[in-house]
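Quick note: residue numbers are just sequence positions, from 1.
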Amino acid sequence: MAELRLDALSFAYPGADAATLSDLTLTVERGEAHALLGSSGAGKTTLLNLLSGLLPAAPGQIYFDGRDVGARAPYERRVTQVFQFPVLYDAMTVAENLAFPMRKLPVAERQGRLRDVAERLGLGAALERKPRQLTLVEKQLTAIGKALLRPDVALVLLDEPLTAAEPEHKWRLRQTLKALQHELEATMIYVTHDQTEALTFADRVSVLHEGRILQTGTPAALVADPAHEHVGYFVGSPGMNLLDGEIRGGALMIGAQTIGVQAAGTLESGALDAGAATGSDQARADVAESERVALSDGNCRIGFRPEWARITQEVPAETSLSVEVLRTRTLATDRGEAVGLVTAVFQGREIVTRQPLGRLAPGRAALQLDADRLCLFRDGRRLKRAG
């Protein structure tokens, strides 16, 4: 397996008005499970096709273990790719399809690896069937098995591989795939628009939006410390609440209400994401130092996760906001108390909190924010407060 490094990679389809991918810089460590997360049209599949060589060389560099492979033919890259709709040899059985990438290995080793992976993927009973006798899920599992069993593979690319699976089966399949990836130490890139798949499978996730990587980090970092407004909103269920605010004389304001004191801070530019994507602490520090600018007064967007706020029908505190509760939804109970989602309206926009429900009912209420956990954004980018 190989380490993957992208350096200022861009790509535009002939005749397109804009580039599909712009200036991507990223390092995926050898043996890492990495996810590319983004909505339809973000450029995820285009990037996979560039990595595998299905699309021609583009501006920028693609390195496998330090070697530039951008101009190499697909077969020279030793990349295996699983598409959204499986590609199998129709004349072969499942066992023969799985064994095909290992045809140069000794028979005993080939059979042992085949049966181990087949059992883990739940294909043990289907080994003698032909593809036309399989369900769509079984076909996709066979394609995944083929990719994992290739002995000389440098990189495994998975393009929305579990689209055909029923929701109740997806969790088990992801866990099986993750276990196999870990045991085989496979460098794997998993493309999906489903944040649950990305966050529960990958060691790190790159959020791709309109052809750019907005942030690369662990699932926990994307939730707790989004570097871009889109990351905050796109990652999370429900996503981050976003309100219009202002920094005025060092104070954080929403309308005429003071929410907290900002003092000094820094603005992280998009270039910081490139340093974060490398996984190098020194690279992050170097880029952060070069990209700092003074945090100035002006408009901003204030983001908070549903868990970082609470709505009560008590007398509003000085720093709370008056909202209108629309509805509540119970998700579970904690020591006999209902816990769930509260949907309210502020500034004409719905916000959601996750909290104990108590006796909350539709009507006027107070929104209390944890000022120390608020995320501030300007022009989409994260503002960092001092300390």
Side-chain angles (χ1 to χ4, degrees), residues 1-30 32 34-81 83-84 153-160 187-193 202 204-217 227-228 230-231 234 268-280 282-284 286-288 290-291 379-381:
M1 293 293 172
E3 175 197 76
L4 166 69
R5 182 161 61 89
L6 308 180
D7 187 4
L9 183 68
S10 300
F11 183 81
Y13 287 99
D17 294 332
T20 301
L21 299 175
S22 302
D23 200 30
L24 301 189
T25 298
L26 174 69
T27 297
V28 177
E29 303 291 342
R30 183 179 299 181
E32 178 181 343
H34 198 94
L36 290 175
L37 175 64
S39 56
S40 179
K44 306 183 298 296
T45 297
T46 297
L47 178 53
L48 289 197
N49 290 339
L50 284 170
L51 296 178
S52 63
L54 294 180
L55 286 175
Q61 284 74 44
I62 302 172
Y63 296 99
F64 289 0
D65 282 339
R67 294 174 298 174
D68 189 345
V69 300
R72 294 193 177 189
Y75 71 90
E76 295 180 302
R77 302 188 188 194
R78 299 185 292 112
V79 170
T80 184
Q81 187 168 359
F83 299 93
Q84 186 172 354
V153 66
L155 195 63
V156 178
L157 308 178
L158 304 174
D159 192 356
E160 307 225 24
T187 307
M188 188 176 290
I189 298 182
Y190 186 112
V191 158
T192 182
H193 65 274
R204 292 190 306 151
V205 178
S206 290
V207 180
L208 198 61
H209 180 60
E210 295 181 345
R212 295 182 180 273
I213 295 177
L214 298 183
Q215 185 176 359
T216 295
H228 194 278
H230 177 80
V231 177
F234 190 71
E268 289 188 358
S269 83
L272 183 57
D273 300 332
T278 67
S280 163
Q282 186 58 51
R284 286 195 295 268
D286 291 345
V287 177
S290 67
E291 294 295 334
D379 297 327
R381 299 173 294 174

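Across every non-hydrogen atom of Leu50 and Pro56, the tightest pair is CD2-O, 3.5 Å. Residues Thr25 and Ala8 come closest through the heavy atom pair OG1-N, 3.3 Å. Residues Thr27 and Arg204 share a closest heavy-atom pair of O-NH2, 2.5 Å. Across all their heavy atoms, Gly43 and Thr20 have their closest contact at CA-CG2, 4.1 Å. Ala12 approaches Ala19 most closely through the heavy-atom pair CB-CA, 3.8 Å. Contact record, Val207 with His230: CG1-CD2, 4.3 Å, taken as the closest heavy-atom pair.
With contacts defined as side-chain heavy-atom distances shorter than 4.5 Å, the pair Ser10/Leu21 does not qualify. Counting only heavy atoms from C-beta outward, the side chains of His228 and Gln215 never approach each other to under 4.5 Å. Contact check for Gln81 versus Asn49: side-chain heavy atoms found under the 4.5 Å cut-off. Counting heavy atoms from C-beta outward, Leu158 and Met188 have side chains that approach closer than 4.5 Å. Within the 4.5 Å cutoff, no side-chain heavy atoms of Thr187 are placed close to those of Val156. Residues Lys44 and Leu208 have side chains in contact (heavy-atom distance under 4.5 Å, counting atoms from C-beta outward). Between Leu157 and Leu51, the closest side-chain pair of non-hydrogen atoms falls below 4.5 Å. Side-chain atoms of Leu37 and Phe234, non-hydrogen and from C-beta on, do get closer than 4.5 Å to each other.
Arg30 contributes a side-chain N or O that, together with a main-chain N or O of Met1, makes up a donor-acceptor pair within less than 3.5 Å. Listed for the Asp68 side chain is a donor-acceptor partner under 3.5 Å among the backbone atoms of Gly70.
A distance of 10.5 Å separates CG of Asp7 from CG of Leu24, quoted to the nearest 0.5 Å. In this structure, the separation between CD on Gln61 and CG on Leu6 is 10.0 Å, given to the nearest 0.5 Å. Taken to the nearest 0.5 Å, the OH atom of Tyr63 stands 12.0 Å off from the CG atom of Leu4. To the nearest 0.5 Å, the span separating CD on Glu160 from CZ on Phe83 amounts to 13.5 Å. If you take CG on Leu48 and CG on Leu36, they are separated by 6.5 Å, rounding to the nearest 0.5 Å. If you take OG on Ser22 and CD1 on Ile213, they are separated by 11.0 Å, rounding to the nearest 0.5 Å.
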Show the numbers, then the answer: is there a side-chain contact (heavy atoms from CB on, under 4.5 Å) between Leu9 and Asp23? CA-CA 5 Å; Leu9 183 68; Asp23 200 30; over 6 Å; no

Worked check of side chain to side chain donor-acceptor pair (under 3.5 Å) between His193 and Ser40: CA-CA 7 Å; His193 65 274; Ser40 179; over 6 Å; no

Show your reasoning for whether side-chain contact (heavy atoms from CB on, under 4.5 Å) applies to Gln84 and Val191. CA-CA 10 Å; Gln84 186 172 354; Val191 158; over 6 Å; no

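Applying the ring pair (Phe, Tyr, Trp, His ring centres under 6.0 Å) definition to pairs two or more places apart or across chains, those involving residues 7-28 are Phe11-Tyr13.
Residue-environment remark: CZ (Arg212) stays at or below the threshold of 12 foreign heavy atoms within 6.0 Å.
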